[in-house]
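Notes follow once the structure below has been shown.
Owing to the predicted nature of the structure, the values given are computational and were not obtained by experimental measurement. Every number for a ligand or one of its atoms is a count from 1 in the order of the listing.
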Amino acid sequence: MNTILPNIKTGKKQHPMTQKRIAQLIDQLADTHMIPVDDLRYLLDHICVEDTSYLFDTAHKVKQPYYQNRVFLRGLIEISNYCSKGCHYCGINRTNKNVQRYRLDKETILECCRRGYDLGYKTFVLQAGEDPALTDEFLCEVIKSIKTTYPDSRISLSLGERSFASYIALYQAGADRYLLRHETASKRLYEHLHPNDSSFENRRQCLDNLKVIGYQTGSGCMVGSPSQTNDDIVQDLLYLHQLQPHMVGVGPYLCHEDTLLRGNQSGTLLETYIILALVRLILPQAMLPATTALGTLDKLGRENALFVGANVMMPNIGPKEYLEAYQIYQNKQLAKDTDESNRDNTKKRIEAFGHIADFSVGDVHTWEG
Ligand code: 5AD
């Protein structure tokens, strides 16, 4: 069980005085991008369903000067589901024997990029478990080949914790961005969700290293994970404000039955939207993906996220035969259509929701709005 956002859970009716106070805090966050810790805590403790439309509208407004209604599209390639980590929530953790493990070779990755580029994608997100076989040598070769063939493209990596030297090597080879969710900024919760050989401190060190090296850096967390409290979320919001990442992935925790945390409740759509909207208020210029996990909770979970602050989508352009094997959580929405119809449908849905699909590189730090 988690104990976040109690009034959202119970559907408690809001008191008008409290509603006024919550609206003030939302305004203050929109203006100054941070409020005192006690006020953050008050907001999470007292927010009711009646307050959410004001929160969502404000989050939507805050991104307008920078991004208007643009949604940046990135092509996601899941290059390996081998993982040496034992995260208690993740379906591809090292102890799950029910996973069919795969690793793409260089030619397959380049073929995905070729198809992706032809479809208009300018960013390739290479994502994997922490696979020791993904050596610097292999990755640098892949990165250099992509950059040589498509000099106007961007490469985002999402390969977990690596050494400082490795991050430098990959950056020098041409990688532009790195996504590494901090998962939770609460040491207690981090240790509840991870085995002893995972280090809370090292994960943060990695994020600092990525920023220092010059990557456009992405962090993020899960909402509604087992035993998560409002205090833990306050810490996430403070940490994100302090780190000032360029990207933040926020998604619901979704229970996977092949993990140690089996049998737990998943996070909900509304809870996740609330945290996503708060992150938008704190980081008005960040790239915030409408995550696949939101699409798993609701068919239109991602599209609706565009109205609470999200501005990125990452359609999968990897080989279809491996989609099923990359189940970090269960019932993951799989892009079984051809890449072309997947792109067209994503674009259509974005437009049907009053937004514009943007296939430009969309670098956060140079974006003028
Ligand atoms: N539910 C939701 N998100 C998950 N992730 C991993 N397992 C799960 C799960 N069961 C998220 C983690 C990780 C990202 C790639 O996916 O936050 O950083």
Where is the nearest protein heavy atom to [atom]: which residue, which atom, and how far?
| atom | value |
| --- | --- |
| atom 2 (C) of ligand 1 | Pro252 O, 3.1 Å |
| atom 11 (C) of ligand 1 | Arg181 NH1, 3.6 Å |
| atom 7 (N) of ligand 1 | Tyr89 CD1, 3.3 Å |
| atom 3 (N) of ligand 1 | Met222 SD, 3.5 Å |
| atom 16 (O) of ligand 1 | Ile328 CD1, 3.4 Å |

Quick check: [X] and ligand 1, any N/O pair under 3.5 Å apart?
| X | answer |
| --- | --- |
| Glu183 | yes |
| Leu254 | yes |
| His256 | no |
| Gln127 | no |

Q: Run the numbers for me: atoms of ligand 1, each under 4.0 Å from some heavy atom of Tyr329, listed by number.
A: 1 (N), 2 (C), 3 (N), 9 (C), 10 (N)
Q. What are the atoms of ligand 1, with element, lying closer than 4.0 Å to any heavy atom of Tyr253?
A. 1 (N), 2 (C)
Q.
If we ignore hydrogens and angles and just use 3.5 Å, is the side chain of Arg280 paired with the main-chain N or O of Leu283 as donor and acceptor?
A. yes
Q.
Quick check on side chain to side chain contact (heavy atoms under 4.5 Å, CB included): which of Val308, Leu40, Leu55, Leu240 does Leu278 satisfy it with?
A. Leu55
Q. In terms of side-chain geometry, is the basic nitrogen of Glu340 or Arg115 positioned less than 4.0 Å from the acidic oxygen of its partner?
A. no
**Q.** Salt bridge present between Asp258 and Lys97 (N-O < 4.0 angstrom)
**A.** no
Q: Go through the side-chain N and O atoms of Ser158 and Arg177 and say whether any donor and acceptor fall under 3.5 Å apart.
A: no
Q) Do Ile4 and Val37 belong together in a cluster built from hydrophobic side chains that touch within less than 4.5 Å? A) yes
Per-pair distances, 0.1 Å, donor-acceptor, side chain in residues 22-30, under 3.5 Å, sequence neighbours excluded:
from  : atom 1 : to    : atom 2 : distance (Å)
Gln24 : OE1    : Arg21 : NH1    : 3.4
Asp27 : OD1    : Tyr54 : OH     : 2.3
Asp27 : OD2    : Tyr54 : OH     : 3.3

Q.
I want to know whether Tyr121 and Phe359 have ring centres closer than 6.0 Å.
A. yes
